[in-house]
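Report on one structure; see the data block that follows.
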Amino acid sequence: MAVLSRRHLHRRAERSAVRAASGDPGRATGTGTGRALAEPTDATGTDPAGGGSATPAVRHRPDPERPIGLHFPNNFRWGAATSAYQIEGAAKEDGRGESVWDTFSHTPGRTRGGDTGDVAADHYHRYGHDLDLMRELGLHSYRFSISWPRIQPDGTGQPNRRGLDFYRRLVAGLLERGIEPMATLFHWDLPQALQDLGGWEQRDVAYRFAEYAQILFRALGSEVPVWLTINEPKTVVQNGYLSGHHAPGRPDADAAYLVAHHLQLAHGLAVQALRAERAACRIGPALNLHPCYPADGSPAAAAAARLYDGYENRLYLDPIFLASYPADVLADLGPASRLAGGIHDGDLDVIAEPIDLLAVQYYTPFYVAADGSTVRRWPTSEADWQQIHPDGMFDALTRVHREYGTVPITITENGLPTPDRLAADGSVDDPGRVAFLRDHLAAVHRAISTGVNVESYHVWSLLDNFEWAEGYQQRWGLIYVDYPTQRRILKRSAHWYRRVIAENAI
Ligand code: FCB
């Protein structure tokens, strides 16, 4: 098993090298071709792992907007999500330092078309209008991230007041409009100065992160009721280090899992920092969960899927909820791994500091063959790593509930890119997004009906934005951004979502 999975890790790295050589920055570990999503899921067939469970099927429905009569609990909260580097722009303003994503996107060949976040959706200047659009949609909650290099340009020391002021204005603007702020502390834009010292491979960076978190808790703790620590540590591990097609672009499998530990240590230290402030706000991690199903009924596929699940999910869930790393993953990495060597006494107690809520992000499942490779089973979106499988949402949510307890869950990301075009009449028609969101919301509804405590849902994303190595080609927003003019246009999905929120039903 160990041999197979290491081989698999190397295959991932090779695939990404091939992508880089062919000028396709790629995204994750998918094997698809990037075919566009035309309509909702229509896949059929049996599922050895039970992944084909029965979310009320919505197949070939001609009108994706037709209500299907599912009402959400009265206190359910509807939102949308973004992250700093993907929308803010203003890369050099008001004392902001450089982040690893500035460096990475400015390095030739790293992003599609050489795109950078220098301007992005210019949200730094247009946030007032964006806040108005959020109110127009009727959002209850807005999940955004804070740019560490705006707050501490070099990653340490006194806060940059102008950076803090931007987030103070943003939060005040949300509260004025009756929208609850949900702030992510780290959505991948590590200050470059800390990367120059070794970045997340250095244990010390976790302690720097806790200091940065403390600055924010003191500045905004009374206005921001929910804080999220680290966004998708796994994506940093896999894309930043395993394959290297995200910043910092350092393919090194051994470093990758040490980074996983330090990211989680940083999470735990931030939770402790919040507790030390005795602030009334809640805090938790943001994890992207991927159900891993065996691709066939063989015992070998079941074993391979189990280990794959270890790397995708349990490596991040177990330390937080169970104060331990999964034994199968540790064994697979071997006793000489940098992860094994990097765990100090007491670290797991820090990581397992009790959380108030778990932020779940769901995009795609994995189907794992007996040899540890993944196979494509469902239609993909424009993101070739994403297979459209709404039941995976149900499986991810119920799995947390079953195996890790009754922690409240907020869904902080779910969405897809569609081939959106601004029509001559000024509209943007994205029925594929409406169908996708409706089907995934039906799965959320079903999870709630079985007793999972899901309190809110955020679409990824509020706005079209800089999709990392994919640049601006993929459009993930409810709101279309016409980049040359920075004009915002509500897509059909945004109008639909406004009705969903108003009716609290799909
Ligand atoms: C998630 C990221 C988010 C965005 C979506 C499409 O993994 O957290 O920033 O890129 O994928």
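Throughout, residue positions are numbered sequentially from 1 according to the sequence presented. In each ligand, atom 1 is the first atom listed, and ligand 1 is the first ligand listed. Owing to the predicted nature of the structure, the values given are computational and were not obtained by experimental measurement.
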| said: Working note: T410 + Y457, criterion side-chain hydrogen bond (donor to acceptor under 3.5 Å, both in side chains); need CA distance, chi angles, decisive distance, verdict. | reply: CA-CA 6 Å; T410 170; Y457 173 89; over 6 Å; no
[X] heavy atoms, cut-off 4.0 Å: which ligand 1 atoms fall inside?
| X | answer |
| --- | --- |
| W468 | 3 (C), 4 (C), 9 (O), 10 (O) |
| W460 | 3 (C), 4 (C), 5 (C), 6 (C), 9 (O) |
| W476 | 6 (C) |
| E467 | 4 (C), 6 (C), 10 (O) |
| E232 | 1 (C), 2 (C), 7 (O), 8 (O) |
| H187 | 2 (C), 3 (C), 8 (O), 9 (O) |

| task | Assess whether ring pair (Phe, Tyr, Trp, His ring centres under 6.0 Å) is satisfied between W460 and Y363, documenting all intermediate values. | result | CA-CA 10 Å; W460 183 270; Y363 288 98; 7.6 Å; no
| field | Under the ring-ring contact (aromatic ring centres under 6.0 Å, His included) test, residues paired with F166 that sit two or more places apart | value |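 Scan of F166 (ring-ring contact (aromatic ring centres under 6.0 Å, His included), adjacent residues dropped) gives Y124, Y127.
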| query | Can you name the residues that form a salt bridge (charged side-chain N to carboxylate O under 4.0 Å, His left out) with D318, not counting sequence neighbours? | reply |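 For D318 there are no salt bridge (charged side-chain N to carboxylate O under 4.0 Å, His left out) partners, ignoring immediate neighbours.
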Do ligand 1 and [X] have nitrogen or oxygen atoms that lie under 3.5 Å from each other?
| X | result |
| --- | --- |
| W385 | no |
| S83 | no |
| N231 | yes |
| W188 | no |

| field | E455 and R282 ion-paired at < 4.0 Å | value |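 The answer is yes: the pair qualifies as a salt bridge.
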| task | Look at D132 together with R126 and state whether they make a salt bridge at an N to O cut-off of under 4.0 Å. | result |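 No salt bridge links D132 with R126.
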| field | N288 and ligand 1 - part of the residue with a heavy-atom distance under 4.0 Å | value |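 It is neither; nothing of N288 touches ligand 1.
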| task | Show the numbers, then the answer: is there a side-chain hydrogen bond (donor to acceptor under 3.5 Å, both in side chains) between E413 and Q361? | result | CA-CA 5 Å; E413 291 189 24; Q361 324 205 132; 3.2 Å; yes
| task | Check whether NZ of the Lys or CZ of the Arg R250 lies under 6.0 Å from the centre of the six-membered ring of Y241 and within 45 degrees of that ring's axis. | result |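 No, a cation-pi geometry is absent between R250 and Y241.
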